[in-house]
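Here's the structure, in structure tokens; my notes come after.
Only this structure's heavy atoms are used, side chains among them; waters, hydrogens and symmetry mates stay out. Every chain is numbered from 1, with letters handed out A, B, ... down the list of sequences.
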Number of protein chains: 2
Amino acid sequence: METASALRVKGRPREFCVDQALAAALGVFWAKGYEGASMADLTEAMGITKPSLYAAFGNKEALFHKALDLYEAEKLEYTRAALEQPTARKVAEHFMRGAIDAQMSSCDPKGCLGVISMTACGAEAESIKADVIKRRASSQAALVERFEQAKRDGDLPMHVDIAGLTSFLYALLQGMAVQAGSGATRADLERVVDTSMQLWPSR
Amino acid sequence: METASALRVKGRPREFCVDQALAAALGVFWAKGYEGASMADLTEAMGITKPSLYAAFGNKEALFHKALDLYEAEKLEYTRAALEQPTARKVAEHFMRGAIDAQMSSCDPKGCLGVISMTACGAEAESIKADVIKRRASSQAALVERFEQAKRDGDLPMHVDIAGLTSFLYALLQGMAVQAGSGATRADLERVVDTSMQLWPSR
DNA sequence: AGCCTTATATACCAGTCGTTATGGAAACTG
DNA sequence: CAGTTTCCATAACGACTGGTATATAAGGCT
């Protein structure tokens, strides 16, 4: 409908940076979950008032979905790199080490936004939960595909159940996220990864 | 102070069963988390009014702690049986199969109350979180001790890192709880357990 | 009987939730 | 300059939050 409207600003320009405000909102959601983050928390962290927030992002739920987009694009970028590793073993290790970096960053909240948003489910957040589930399903499907390729490549034994191995790896990642959110240290999580890699099949 | 006061009921007797009401409260907390469960939800499910609830249980937080006691005693009883299994392998398998039964029961909410309560953390629930973390730490310590015994018994290789293996198993349990709470089927979780048992060291 | 103690039921408290109407200020176009 | 459009700020909305005050009802004790 509109052609390159970057220049066509008619009225008064907004006084804040949308991307920057969204990043601040992501931080709040990440730290407190969807329902735990109040509009007051959000507006304070974003440095804007409530009407500005509603004008720029719609409402709380729309803001969350956009924050989730940002989270996937920025903090979950490592999963894309993981799928490009040469062997199934390296794929799994990249997933887990990357998860540690993402979940234990000193400047970000601990844990995984997806896990936090999915478990904290008070009826109103049902659509939030559904969104997170859908995103994770597509991500998991990509991992299944990668492991099937690994089996064809011969770096994964023929007898392993791919769906099982994928869910197993995801369970580990989610469990690590839970532990990251409840006081585990980076060394704790690294021990989990080391143990997992020692047990990994193709070795 | 008081000696067997079961008979000494002075005033009007209460019209509901405390244990039954607590069980109903547990169901609500389990399904919606601590913060997601409102007093209206609780009183409705328990079949009592708010003043009765406050008189019998103190407040929402005290009610939650008592519900957590009940949860540990009833739904987490399988962990005690698991520790008594003859080998480390059987201990781990009993833990995981028991977790499936507890998290996928057709008459109870899906997932693990501990995981749900720990991840949903909105400031006010900080003491809730601390309680859950403490309980899990003691449970985890018991598993460490059991695995050290297994190493002495020779059914666990000498080179394995016990702390790592324990956190690894707990991560799997917590990850399965996350998946149980987000639409996974019993077959999905059983695939995770089968995969885990195929990778388990001492085999 | 009457008293005493406790439970129940209704109504209410102050505070917060997400959301929005209102009024004025700021910047662009003509 | 006026006109228009959009922004920001204050304040308010009804609904709901956890928690209580008050009044009435129901049992045991003497």
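- Atom pair B/Asn59:CG and D/dT17:C1' shows a separation of 14 Å (rounding to whole Å applied).
- For the pair A/Asp155 and A/Arg89, the salt-bridge criterion is not met [side-chain N within less than 4.0 Å of a carboxylate O].
- Within residues 28-42 of chain B, no residue approaches DNA chain C, by heavy-atom distance under 4.0 Å.
- The structure places CD of B/Glu15 at 9.5 Å from OG1 of B/Thr49, a figure rounded to the nearest 0.5 Å.
- Note: CE (B/Met46) to C1' (C/dT8) measures 15 Å, nearest angstrom.
- Using a cutoff of 4.0 Å between basic side-chain nitrogens and carboxylate oxygens, A/Lys66 and A/Asp69 are not scored as salt-bridged.
- When the C1' atom of D/dG19 is taken as reference, atom CZ of B/Phe57 falls 16 Å away, rounded to whole Å.
- B/Tyr54 has its OH atom 19 Å from the P atom of C/dC12, to the nearest Å.
- With respect to B/Gln149, the side-chain contact (heavy atoms from CB on, under 4.5 Å) criterion is satisfied by exactly one of B/Lys151, B/Glu145, B/Arg152: B/Arg152.
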Reading 5' to 3' through nucleotides 7-14 of chain D, protein heavy-atom contacts under 4.0 Å coded B for base, S for sugar-phosphate only, - for none | BSBB-B--
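- Between B/Asp101 and B/Arg97 no salt bridge is recorded (no basic side-chain N to carboxylate O distance below 4.0 Å).
- The backbone N or O of A/Glu72 lies less than 3.5 Å from no partner atom in the side chain of A/Glu77, so there is not a single donor-acceptor pair.
- Under a 4.0 Å N-O distance rule, the pair B/Lys32/B/Asp41 qualifies as a salt bridge.
- Using a 4.0 Å cut-off between charged side-chain N and carboxylate O, B/Asp188 and B/Arg191 make a salt bridge.
- Using a 4.0 Å cut-off, no side-chain N or O of B/Lys10 falls inside it from OP1 or OP2 of C/dT6.
- Distance A/Glu44 CD to C/dC17 P: 12 Å, rounded to the nearest Å.
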